[in-house]
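Here the structure comes first, spelled out in structure tokens, and everything after it is commentary.
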Amino acid sequence: MLDLNTLNAPQKDAVTTTTGPLLVLAGAGSGKTRVITYRIAYLIENGVAPHTILALTFTNKAAKEMRERVTTLIAENETTNRIESTPLVTTFHALGVRILREHHDRIGLKRQFAIYDRSDSNRAIKKSLEKAGYDPKQFEPRKMLSIISRAKGDALSRTDFLDGARSFPERVAGEVWAHYDAILREEQAVDFDDLLLLTLNLLQKHTDVREQYQNRFKYVHIDEYQDTNKVQYEIACLLLNKERNLCVVGDVDQNIYSWRGANVTNILKFEKHFPGCKTILLEENYRSTQTIIAASNSIIEKNVRRPEKKVFTNNHEGDLISLYVAMNGTEEAQYVARRAQELISNGASPAHISVLYRTNFQSRLLEEAFLDANIPYQLLGTKFFERKEIKDILSYLRYALNPEITADLARIVNTPKRGIGKVTLLKLIEGNRADIKGKTLEKVAHFEQLIEDIGVYARAHPVSNTLKFIMKQSGMEESLKNDGEEGLERLENLRELVTLATRYDAFEHEEAIERLLEDAALQSDQDEMEEEKEAVRLMTVHASKGLEFPYVFITGLEEGLFPHERIVEEKGRSTHDDEEERRLFYVALTRAEKKVFLSFAHLRTIFGSERVNAPSSFLQDISDDHLQEENPNGYGGGGGETVVYLD
């Protein structure tokens, strides 16, 4: 039989509550995956047919882990190990594929329809813009796709979206959407968002289809419920039969994806959406020390829009949280590398160490420090010099000085968009410029003049100034400013490159360019480390969600950086959740099992200019009883009056 004695009382209550709607509010490290897997095994042990059980999550990794744990529990149980069918543990999108393939005829598609990735969608959006009579240079295809994607996630039809459009770009997106859908139908394809929206429409419009799945899935589980958007919420509701056997597990305090469409009200209003539901709190943390839990509680309790819960742990008190105040970003990175090296020297595995930061541009200094210290690391995401925008601007620089590099020409000739097509590019590469006529020739001539101007400027100015010149004159800066959240992230990366380039400004101009390009090539040539390899993990806080490490560094704790000052405007109103940054810091703290290291810099060079920083307001919310200052060189001070050192 399934051994429930390994569960605490609230966990056991959640596992054995098998009828009606159930909300499990699970604090960080409280064993939520354990609850879902044990609950599924418990249902099967008590006679529920496995194939009538559905469990939904958000990532293939999470689904795979949950599936394996359920399989192990079933196999170890003599009562269930001979059962032939299995529960369906999958992602929302994979479920959508399954449902749409089973009923492809209802939506006018072949069973083997294509699924567009983002590059396919961007190509189709560009074509749709042209069909609608708009210039793709004026209305960036990725921006149009982002608007349409968000609308689909909000379960809006094109007509409903147009009715609520508040701006000219939104009205354009509505027109483009019609042509985009036509292209998808013509190519027998759906995009990533359609996998959910078409599934919702199918369930809404066809009673027999809806009842088929309601009869098939008698028990529905949803993990990370706080991350569901409107269309996912509505699909979940339609899958339920009259018994409403729905179990959702989530944590309001870990809702950090509102910018991606996640709707925190789904979990906040669960009791309203499902009257008579049972709510269970999982408040015991099994991951972290008492010190870490106390600090994280003091952070998150300042948020107002959250159910009252107090996470606790019976683990030992543990080490104090270290706080290091650096003079600048370089010294901060060197401190992180030095302390990581000490941990490794004292027996810690590099893979047990994680370094977190708020935005991607911060990784560059950290990578350099780890390279200098010869500490193996793995960057979750693209390495700094492998990022597209960094490669783009360096290609401009390289091509301006050596126009024989056709690979650089191909990369930058239409970055940002200039209306120079592949046929024209081929003529340029083959040296057939004389065959280019009319307006295309004007565009080519304008591009060639830009390259000549960059070459002249580069030979007469410091390389950091040249990079600024390229950003502005090429149109990259303006293009990224108008490209939403992702564009602003990319722009910050370019500004970090300018900061890096200032160290080469003392050299003669062309020599400085050569040195910069050489260093960039050597770093970008490093192979990605395998996940199994012993290496320190570097990642954004967003990327760390769902992971845990014995030792966690949280860097850049400066006001304006973390919490970040960015407020996203959409549909003429702010969509910024002023509590989300605090939730993000809470997520960062609760990744740690044994020890947390916090750091910030008095001075940080951004876009080539030094800025004086105030410590993050989050630091004021952590009791001095839980902090230990680390300033071996006497720099700065944590808590109390901030000391700033200027040259």
Looking at [X] and [Y], what are the two nearest heavy atoms and their distance?
{"X": "Ala340", "Y": "Phe553", "value": "N-CZ, 3.9 Å"}
{"X": "Asp251", "Y": "Gly27", "value": "OD2-CA, 3.9 Å"}
{"X": "Leu7", "Y": "Arg34", "value": "CD2-NE, 3.4 Å"}

Is there a donor-acceptor contact under 3.5 Å linking the side chains of [X] and [Y]?
{"X": "Glu317", "Y": "Thr291", "answer": "no"}
{"X": "Ser288", "Y": "Glu593", "answer": "no"}
{"X": "Asn8", "Y": "Tyr286", "answer": "yes"}
{"X": "Ser617", "Y": "Glu559", "answer": "yes"}
{"X": "Gln226", "Y": "Glu224", "answer": "yes"}
{"X": "Tyr586", "Y": "Gln254", "answer": "no"}
{"X": "Thr228", "Y": "Asn266", "answer": "yes"}

Whether over 12 other heavy atoms sit under 6.0 Å from Arg244 CZ:
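It does: Arg244 CZ has more than 12 such atoms within range.
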
Can you tell me which residue pairs pass the salt bridge (charged side-chain N to carboxylate O under 4.0 Å, His left out) test with a partner in [range], sequence neighbours excluded?
{"range": "residues 8-17", "answer": "Asp13-Lys278"}
{"range": "residues 268-277", "answer": "none"}
{"range": "residues 279-291", "answer": "Arg287-Glu548"}

Per the ring-ring contact (aromatic ring centres under 6.0 Å, His included) rule, what does the pair list look like for residues 44-100, sequence neighbours excluded?
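Qualifying pairs, neighbours excluded: Phe58-Phe92, His93-Phe192.
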
Got a salt bridge between Glu581 and Arg358, using NZ or NE/NH1/NH2 to carboxylate O under 4.0 Å?
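Salt bridge present between Glu581 and Arg358.
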
Salt-bridge contact Asp319-Lys594 (side-chain N to carboxylate O under 4.0 Å):
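Salt bridge: no.
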
Against the six-membered ring of Phe312, is Lys310 placed for a cation-pi contact (under 6.0 Å from the centre, within 45° of the normal)?
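No, a cation-pi geometry is absent between Lys310 and Phe312.
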
Can you list everything that forms a salt bridge (charged side-chain N to carboxylate O under 4.0 Å, His left out) with Glu342? Sequence neighbours excluded, please.
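Partners of Glu342 by the salt bridge (charged side-chain N to carboxylate O under 4.0 Å, His left out) criterion, ordered by chain and then number, come out as Arg339.
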
One pair to check against side-chain contact (heavy atoms from CB on, under 4.5 Å): Asp154 and Val231. What are the steps and the verdict?
CA-CA 6 Å; Asp154 288 339; Val231 70; over 6 Å; no

Carefully, step by step, assess Ser354 and Tyr551 under the rule side-chain contact (heavy atoms from CB on, under 4.5 Å).
CA-CA 6 Å; Ser354 179; Tyr551 307 99; over 6 Å; no

Polar side-chain atom of Arg210 near backbone of Leu203 as donor-acceptor pair, under 3.5 Å
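Between the backbone of Leu203 and the side chain of Arg210 there is a qualifying donor-acceptor contact (under 3.5 Å).
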
Can you check whether Phe600's main-chain N or O pairs, donor with acceptor, with Glu558's side chain at less than 3.5 Å?
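No; judged by distance alone, with no hydrogens or angles, the pair does not exist.
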
Applying the side-chain contact (heavy atoms from CB on, under 4.5 Å) criterion to Leu196, which one of Leu95, Asn201, Val190, Ile235 satisfies it?
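Going through Leu95, Asn201, Val190, Ile235 one by one, the side-chain contact (heavy atoms from CB on, under 4.5 Å) with Leu196 is satisfied by Ile235 alone.
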
Taking the ring of His103 and the ring of Tyr213, is the distance between their centroids below 6.0 Å?
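For Tyr213 and His103, the ring centres are under 6.0 Å apart.
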
Below 6.0 angstrom between ring centroids: does that apply to Phe585 and Phe562?
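Between Phe585 and Phe562, the centre distance is under 6.0 Å.
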
Name the residue from Asp191, Asp193, Asp194 that meets the side chain to side chain donor-acceptor pair (under 3.5 Å) definition with Ser149.
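Testing each of Asp191, Asp193, Asp194 against Ser149, the sole residue satisfying side chain to side chain donor-acceptor pair (under 3.5 Å) is Asp193.
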
Can you tell which of Arg582, Arg583, Arg306 makes a side chain to side chain donor-acceptor pair (under 3.5 Å) with Asp253?
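In the set Arg582, Arg583, Arg306, the residue that makes a side chain to side chain donor-acceptor pair (under 3.5 Å) with Asp253 is Arg306.
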
What do the steps show when you test Glu492 against Asn360 for side chain to side chain donor-acceptor pair (under 3.5 Å), and what is the final call?
CA-CA 8 Å; Glu492 286 186 0; Asn360 278 312; over 6 Å; no

Residues in ring-ring contact (aromatic ring centres under 6.0 Å, His included) with Phe274, at least two apart?
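Counting only residues at least two positions away or on another chain, Phe274 forms a ring-ring contact (aromatic ring centres under 6.0 Å, His included) with Phe270.
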
